[in-house]
Amino acid sequence: MIEYDKDGLPFVRNSKLLIYNMKVPREVSNKTRQMGFKDTEALNCVVANLLACVKRGSVLVYGRDKAAKVTNKKSNRKEMNARRIIKVVDFLQEIGWCISYTGIKHEIESRRHPSILLHTDRFIDYWGLDCRVLAEIEMAHIDRTEVIELRGENKVSKPFKMNEEIKAMEGVVKRLNSAIANCDVRDKAGIPLNNVYCRIFNDDFKHGGRYYRADVLSIKNGESKSRLDITIDGEMVVEVDYRNLHFRIAAHLDGHCDVELPHDVYSSLLEDSDNQVERKIVKLAINAMFNARSEEAARSAIQRAINSLKSEQWKQYTLGSAPAVIRLIKEVYYEFRHLFCQPDSFGLRLQNHDSELATDVITELLDNGVVCLPVHDSFVVKLSHRKLLEDTMSNCFKRRFNTDHPVPLGLGYKVGGELIEEVMYV
């Protein structure tokens with residue numbers, strides 16, 4: 001689905017990535033051979049991908065960059081490239097099977113937009129496949145979608161050698177994606193959400209590894225807590241998150257598991273613990289200090305956040321400039337100061353640990369027949385699965401970090417449109 005932001009720029013939800021190694025059903029290849037298009041391999045590829053979009057009304061995201069190189073040769077054994085795909089797209093538009101929107105290139109990431117394809121009613125009428133066949137094609141697309149990505153400099157994908165450990169990680173993500181595909185997940189407006197996850201690592205497999213690309217991640221909670229308006233198979237949901245997770249993981253990794261951390265490490269160092277503007281800056285500052293590779297980089301990120309405060313927010317802000325915020329955090333959390341602003345980014349290592357914790361939770365829930373939508377350190381499930389999710393999150397944290405301390409969790413759900421939020425130790 002194409003939507004537009006406040007600047008009138010389009011963004012895409014309920015989308016699928018065009019994949020080159022899509023398995024083409026025989027009933028598709030038999031019919032495309034009769035269409036008189038010379039490059040049947042490329043035609044089969046695009047048609048099969050479009051058919052995978054029909055069941056949920058998804059749009060297809062594809063690349064038009066003719067200079068782009070495919071980093072994963074395994075997923076492109078037929079040597080597909082943008083030139084071949086574009087010729088197919090032009091042909092399908094001519095016969096009325098799809099509508100193409102060319103992407104927007106921009107140096108600012110937030111203003112970029114991918115090229116997308118929308119199938120037409122004429123396309124659906126021609127193929128006339130029943131729901132069972134379309135579901136099989138969609139599952140074939142999910143099975144071939146890349147679910148592990150390793151990024152190098154400038155977030156560019158780089159090749160990696162498969163081993164048993166990576167195969168196991170791949171298996172969990174594919175299992176999760178398949179389970180979600182068998183559910184009906186919709187937003188507040190009743191629009192289907194496409195939640196196909198990919199774990200993205202940075203530099204190596206010990207940094208990063210969080211679950212990305214699902215539509216649920218594009219729904220920002222904000223004041224309205226919009227993610228709580230999602231339904232799974234028609235049932236309302238609950239979202240449960242680990243409170244101050246990175247700080248608590250850091251404490252266990254660095255031998256400070258007995259340090260008495262407050263329930264909210266962000267607001268506890270403020271004179272006014274209810275000041276949400278200052279809490280937001282402190283939270284961003286702590287995360288920046290964990291993630292930045294130098295204090296200068298952290299200082300720049302924090303100052304940008306301070307400078308972006310709206311006029312009414314300035315009335316509530318008293319912490320001063322970025323250096324003052326950094327000093328305050330180091331003074332209050334003295335035991336952790338050596339973990340801030342590390343050259344190899346301690347924050348990326350923390351992300352790796354929280355992604356492995358998320359994998360534990362996902363696996364245990366799937367073993368119990370429960371589908372979840374992970375959002376980094378939180379999980380969205382049907383409201384009826386709340387208790388199982390709470391227990392699973394607590395047990396997984398205690399096992400992974402070898403602790404008996406109660407685990408602080410925060411949860412939110414809606415009843416009759418009314419927001420209900422709770423905080424607990426489990």
Side-chain angles (χ1 to χ4, degrees), residues 3-9 11 106-112 187-188 216-230 239-248 250 261-292 294-333 336-337 340-341 347 350-351 375-378 408-414 417-423:
E3 298 179 6
Y4 295 86
D5 63 18
K6 59 182 176 60
D7 298 317
L9 292 171
F11 64 94
H106 202 284
E107 60 183 10
I108 300 174
E109 186 174 0
S110 63
R111 298 183 71 85
R112 297 173 196 158
D187 67 8
K188 184 178 182 179
V216 65
L217 292 162
S218 70
I219 301 176
K220 306 301 181 184
N221 260 346
E223 293 182 4
S224 64
K225 301 294 182 182
S226 299
R227 278 201 296 270
L228 301 181
D229 294 315
I230 290 172
E239 181 171 8
V240 184
D241 72 286
Y242 287 108
R243 306 290 287 183
N244 315 145
L245 180 60
H246 276 191
F247 232 103
R248 297 183 192 283
L261 289 175
H263 181 76
D264 186 345
V265 299
Y266 308 127
S267 61
S268 66
L269 48 65
L270 301 175
E271 290 186 10
D272 177 7
S273 60
D274 294 325
N275 189 321
Q276 292 302 305
V277 173
E278 293 186 340
R279 182 188 184 279
K280 178 181 177 181
I281 294 298
V282 169
K283 179 179 179 179
L284 183 144
I286 289 175
N287 289 331
M289 291 163 69
F290 273 137
N291 285 292
S294 68
E295 186 160 316
E296 181 181 355
R299 189 163 54 245
S300 296
I302 298 165
Q303 193 61 53
R304 282 196 300 271
I306 294 172
N307 294 343
S308 68
L309 291 175
K310 298 176 182 178
S311 56
E312 63 270 18
Q313 293 174 321
W314 277 108
K315 298 175 184 178
Q316 304 175 56
Y317 186 73
T318 64
L319 298 179
S321 61
V325 175
I326 290 174
R327 282 197 301 273
L328 173 64
I329 292 169
K330 285 184 175 180
E331 287 170 4
V332 175
Y333 295 116
F336 300 93
R337 62 189 301 161
F340 297 136
C341 306
L350 289 175
Q351 285 186 22
V375 185
H376 304 324
D377 62 356
S378 72
L409 302 175
L411 66 88
Y413 57 96
K414 291 183 178 180
E418 181 182 354
L419 173 64
I420 298 174
E421 294 182 290
E422 300 176 26
V423 175

Where [X] and [Y] come nearest, the two heavy atoms and their spacing:
{"X": "A301", "Y": "A288", "value": "CB-CB, 4.3 Å"}
{"X": "L270", "Y": "N275", "value": "CD1-O, 3.9 Å"}
{"X": "G412", "Y": "L228", "value": "O-CD2, 3.2 Å"}
{"X": "A298", "Y": "C341", "value": "CB-SG, 3.8 Å"}
{"X": "I329", "Y": "M289", "value": "CD1-SD, 3.8 Å"}
{"X": "N244", "Y": "V265", "value": "OD1-N, 3.0 Å"}

Discussion item. When you measure from the side chain of R243 to the backbone of G410, do you find a donor-acceptor pair of N or O atoms at a distance under 3.5 Å?
Written reply: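 Checking the backbone N and O of G410 against the side chain of R243, no donor-acceptor pair under 3.5 Å is found.
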
Discussion item. Assess the residue pair I306 and Q303 against the criterion (side-chain contact (heavy atoms from CB on, under 4.5 Å)); give the C-alpha distance rounded to whole Å, side-chain angles, the decisive distance to 0.1 Å, and a yes or no.
Written reply: CA-CA 5 Å; I306 294 172; Q303 193 61 53; 4.0 Å; yes

Discussion item. Are the side chains of N291 and Q351 in contact, using a 4.5 Å heavy-atom criterion?
Written reply: yes

Item to complete: Kindly indicate whether the side chain of L217, heavy atoms from C-beta on, has any atom under 4.5 Å from the side chain of V375.
Response: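 In short, these two side chains touch, coming nearer than 4.5 Å.
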
First locate atom [atom1] of [X], then atom [atom2] of [Y], and finally report the distance between them rounded to the nearest 0.5 Å.
{"X": "I326", "Y": "I302", "atom1": "CD1", "atom2": "CD1", "result": "4.0 Å"}
{"X": "L245", "Y": "L350", "atom1": "CG", "atom2": "CG", "result": "8.5 Å"}
{"X": "S378", "Y": "L409", "atom1": "OG", "atom2": "CG", "result": "11.0 Å"}
{"X": "E239", "Y": "L411", "atom1": "CD", "atom2": "CG", "result": "10.0 Å"}
{"X": "D187", "Y": "D229", "atom1": "CG", "atom2": "CG", "result": "9.0 Å"}
{"X": "K414", "Y": "K188", "atom1": "NZ", "atom2": "NZ", "result": "5.5 Å"}

Discussion item. Could you check whether atom CD of E418 has more than 12 heavy atoms from other residues, nucleotides or ligands sitting under 6.0 Å from it?
Written reply: no

Worksheet item: So does E421 pair up with K225, basic N to acidic O under 4.0 Å?
Response: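 Yes, this pair counts.
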
Worksheet item: With ring centroids as reference points, do F247 and Y333 lie under 6.0 angstrom apart?
Response: yes

Item to complete: Any chance you could lay out the side-chain contact (heavy atoms from CB on, under 4.5 Å) test for Y413 and E422, step after step, and finish with the verdict?
Response: CA-CA 9 Å; Y413 57 96; E422 300 176 26; 3.4 Å; yes

Practice prompt. Assign the ring pair H246 / F290 to parallel, tilted or perpendicular, where the plane angle (0 to 90°) is split at 30° and 60°.
Written response: perpendicular

Worksheet item: What pairs meet the salt bridge (charged side-chain N to carboxylate O under 4.0 Å, His left out) rule with one or both residues in residues 268-291, with sequence neighbours excluded?
Response: D264-R279

